[in-house]
Structures are given as C-alpha cells and as structure tokens.
Colleague: 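Dumping the structure here so I can ask a few things about it.
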4 protein chains.
Amino acid sequence: MLGIELERESEQPLKRQIYQKLKEQIMSGKLKSNDALPSTRELSKDLGISRNTVGEAYEMLIAEGFVINRQGSATRVAEGVYMEQSDLFALCKTSLPKRMLKAD
Amino acid sequence: MLGIELERESEQPLKRQIYQKLKEQIMSGKLKSNDALPSTRELSKDLGISRNTVGEAYEMLIAEGFVINRQGSATRVAEGVYMEQSDLFALCKTSLPKRMLKAD
Amino acid sequence: MLGIELERESEQPLKRQIYQKLKEQIMSGKLKSNDALPSTRELSKDLGISRNTVGEAYEMLIAEGFVINRQGSATRVAEGVYMEQSDLFALCKTSLPKRMLKAD
Amino acid sequence: MLGIELERESEQPLKRQIYQKLKEQIMSGKLKSNDALPSTRELSKDLGISRNTVGEAYEMLIAEGFVINRQGSATRVAEGVYMEQSDLFALCKTSLPKRMLKAD
DNA sequence: GTGGTCTAGACCACG
DNA sequence: GTGGTCTAGACCACA
C-alpha cells in the first residue's frame, strides 16, 4: 500500500519502523498535507501485525505533529512538515559519513 | 569559531549560507539543545560581514523554530531538533536521487 | 488592559504581583498560547509604574518558561502551559488545606 | 498503595485517571523528586486492571517530563515539578468558580 | 466506516 | 525484579 516492509529481526521495534517509514514519506513529500494515512485496521492487516502496534506508531506521529486525527475520521498529514531536497542534501554532506555519498 | 566559511562568489546570499551552516550543525547534533549561538556581534566580526546579515540569518532560524531567543540572554538551540543519523540516511534513501548516494 | 490592579501597600513587591497576575491568566487560559503580552512600555504606562518593574516581571515569566521572547517581536505565551480546570481542581483537593475549599 | 481509586463509569479513560492522580501527587509534593512509582505490574494488580493501561499512564507522565525511567529500573519522579501552595491558591482564585472556594 | 480504550496473556533486554 | 513490545481479541463513541 505504502511500500512499507517490516523486518521482524531488526532491533528496531515494529512500531518504530512504521513510524520511520511514514515520517520519511511525509518529510520527502510523497505523503502530502491532508493526505489520509491508511486506517489502522487496513495497515495492520496489510503488514500482518496487530492493530495496536500500528496505533502506537500513529500516536508517535501525532505526538510529533506530523499527523493529525479527529474523532471518527481518518488520520491525515499535517501542514508544513515537508523538507526541501536542497536542504536535505546540504545536511547530508555535513552529517553523514563520506562513504555514503557520491562525490559532487 | 563554528567552522563557518563563506563564499562571497556563491549565488547563495550570505545570510542563507550562514543559516544553512548553522541549521546543519544543529540538526546534525554538533550544536546541541540549549547551546548558545555566538552573539551577532561576535560572529559578524569573525566572518568579516555586517551584523545585520548575521541577524537576518538568526531570524530565519528563529522563524523555523531551530533556535530560541529569550529576553536579555543568548540565542540558544531549541529542543527536539536533532535528527538521528539513521533517520537521516533513511530519509535520504527515499527522497534523494540515486545518483547522489552510494549503493548500500 | 489585562484587568491587572496593583496594590501599592501589599507586602508583595509590584513585580511579583504583575508576575502572578500574568501567570494566572496564562495557566487559566485567559491568555492563550502565542497570545502577545503587551509591550513593557505599554503596560508600565498603563499601570503607572516603571518600565523596569514590568521588565523584571516578564523576566520571571521567561525564566519559568511561561512566556517566550523572539528576536524583534512581541513577548508571547508559550505552548503547553494551560491547565485544565478539572485538573486544577483535582490538584487543589489533594494539596490545599480543606479550609480553603468548599465541600463538594 | 497510593490512595488511587478508579471510577469505571467515568467518562475519563482509566489511563487518564491514573495519570491525573499521579500528577497531582507529584505536583503537590506527596511524591517527591526521585521517589519511585510502583511498578506497572504492582499497580495494575493493585487496581485490578491490565498492566498495559498502567503503562500507558506512565508513558503520558514520561512524555510530559513528570517522571523518568531507565532500562530495567524503576520509574522515578523527575526534578523541579513541584508547585508552591501559595501559587496554587492564587491560581485557584482566578480560575475556579467561586462556589468551589471558601471566602478568604 | 474511523480511532480510542482495554484486557490477559506473552517474550524480550536490562540490572 | 524492571519496563518495552507485541498479539488477538473486545467494546465504545463519533461521523
């Protein structure tokens, strides 16, 4: 659905993996402001995990303001959380090890 | 002082160059929460530019919430703006063109 | 302006009176997050006292994080400092002497 | 154990009731800095509810900084979260309905 | 339909 | 012992 693949053997808890994948898609602009996330029921079924776990990942996104939810309606991407690609690359150059980046 | 080097010939205005360098150091964790930025007076002297230019760069950081300015005290790095290297790299992989990153 | 009345004969110093009144209005929600406080110039004129005194009251609020001061703009109410009336009353019931509260 | 009584019929979710009671005891000084909270296992057994629910209440306290926890050890009250009784009463006078307070 | 809450289990890593 | 995570159910209120 969203191209999310989980690794059961990872040290990262499942809820954190989901949180990260969604946050990436939001910050990179794949999920845009006001886009609806899949329902917890849908995504949990899709990933083959418990609905609670998806719910916890959504709570993390809510807590950090990436996502908004209202009673009885879908969880949606908040506004103003997109990061410019140019800023992102500049940031990479200073904070990622050189072996990860190609020469300019 | 902060390892900032400006390029006078760059297309990027000086204030944006300063803004980016500081933002990078903040997001990458070199400048940590509550660290004080140098005063505009100090930094402008250090870089050999106008204090106004530094002030404008600081305002950009304030406007985006990376930095906080309390009455009568130094401008300080806000909380919760540090980005985990793992998160950053994950974000790059999904949102930067492949030509910029080395293969895993 | 904010319904602040000072008592010159009180044991409480003026700056503490101002501090308390503003803190109350903030915690009770009369002043909401991001609301601007009046400028020190304005409020001091309004109350007929020195601008320094108002400034000191503001500093106390800043020091406790109730209020934020961003470069070149008004002093504003911080986020997350509002206290639900229900929470407040519950807190009173456990921590204030009974003689101060009416029976339920 | 901590004098917590839950109301199953309340509109307030159980986790919020627990959160509130603990927050009160912390802000009022009954639970002091570095005091250990009961373990989630203990408290859940004591209250006759699921350990998950207690854990969620603890998470809320952690998120707001009232409480701190480290791997494998007890959850403890954070520092600097106590509220002076005089400030509390002053706050009550402005933000609680008069019918709740006795005359001065 | 949606999310919010709750249960009664389980296994893990840390100390 | 502790908290952290996860499961597979359940019932609720809201729209």
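Lettering of chains follows the sequences in order, A, B, ..., and the numbering in each one begins at 1.
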Colleague: Tell me what D/Arg51 touches on the nucleic acid: a base, only sugar-phosphate, or nothing, going by heavy atoms under 4.0 Å.
Modeller: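 Here D/Arg51 touches the bases of the nucleic acid.
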Colleague: Grab the CD1-C1' distance between D/Ile49 and F/dC11 for me, whole Å please.
Modeller: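 Distance check: D/Ile49 CD1 to F/dC11 C1' gives 17 Å.
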Colleague: Which sits closer to the 5' end of DNA chain F, D/Gly72 or A/Glu56, going by the nucleotide each is nearest to?
Modeller: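 Going by which nucleotide is closer to the 5' end, it is D/Gly72.
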Colleague: Given atom CD of A/Gln17 and atom P of F/dC6, what is their separation to the nearest angstrom?
Modeller: 8 Å
Colleague: Rounded to the nearest angstrom, tell me the gap between atom NZ in A/Lys45 and atom C1' in F/dT7.
Modeller: 18 Å
Colleague: Would you kindly check whether a donor in the side chain of A/Arg70 faces an acceptor in the base of E/dG3, or vice versa, at under 3.5 angstrom?
Modeller: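 It does not, because no donor-acceptor pair links the side chain of A/Arg70 to the base of E/dG3 below 3.5 Å.
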Colleague: Within the pair D/Thr53 and E/dT5, is there a side-chain N or O less than 4.0 Å away from OP1 or OP2?
Modeller: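 For E/dT5, neither OP1 nor OP2 has a side-chain N or O of D/Thr53 closer than 4.0 Å.
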Colleague: Considering just the side-chain nitrogens and oxygens of D/Lys15, establish if one lies under 4.0 Å of OP1 or OP2 belonging to E/dT5.
Modeller: yes
Colleague: Below 4.0 angstrom from OP1 or OP2 of F/dG3, is there any side-chain N or O of D/Thr40?
Modeller: yes
Colleague: What is the distance from CZ of A/Arg41 to P of F/dG9, rounded to the nearest Å?
Modeller: 14 Å
Colleague: To the nearest Å, give me how far apart CD (D/Glu7) and C1' (E/dT5) are.
Modeller: 17 Å
Colleague: To the nearest Å, how far apart are D/Leu43 CG and F/dG3 P?
Modeller: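 The distance from CG of D/Leu43 to P of F/dG3 comes to 10 Å, rounded to the nearest Å.
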Colleague: Quick check: does any side chain N or O of B/Glu42 sit under 3.5 Å from a backbone N or O of B/Ser39, one acting as donor and the other as acceptor?
Modeller: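 Indeed, once roles are kept as given, a pair shorter than 3.5 Å links the two residues.
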Colleague: Using OP1 and OP2 only, check whether a side-chain N or O of A/Ser50 sits under 4.0 Å from F/dA8.
Modeller: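 Indeed not, no polar side-chain atom of A/Ser50 lies that close.
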Colleague: Hey, is the side chain of D/Ser73 poking within less than 4.0 Å of OP1 or OP2 on F/dT2, counting only N and O atoms?
Modeller: no
Colleague: By the 4.0 Å heavy-atom rule, please label A/Arg8 as base, sugar-phosphate, or nothing.
Modeller: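 Here A/Arg8 touches the backbone only, sparing every base.
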Colleague: OP1, OP2 of E/dG3 versus side-chain N and O of A/Thr75: anything below 4.0 Å?
Modeller: yes
Colleague: In whole Å, what is the span from the CG atom of A/Asn52 to the P atom of F/dA10?
Modeller: 13 Å
Colleague: Ignoring backbone atoms, establish whether A/Asn69 has a side-chain N or O less than 4.0 Å from OP1 or OP2 of E/dG4.
Modeller: yes
Colleague: Give the rounded distance in Å between these two atoms: CG of A/Leu37 and C1' of E/dG1.
Modeller: 16 Å
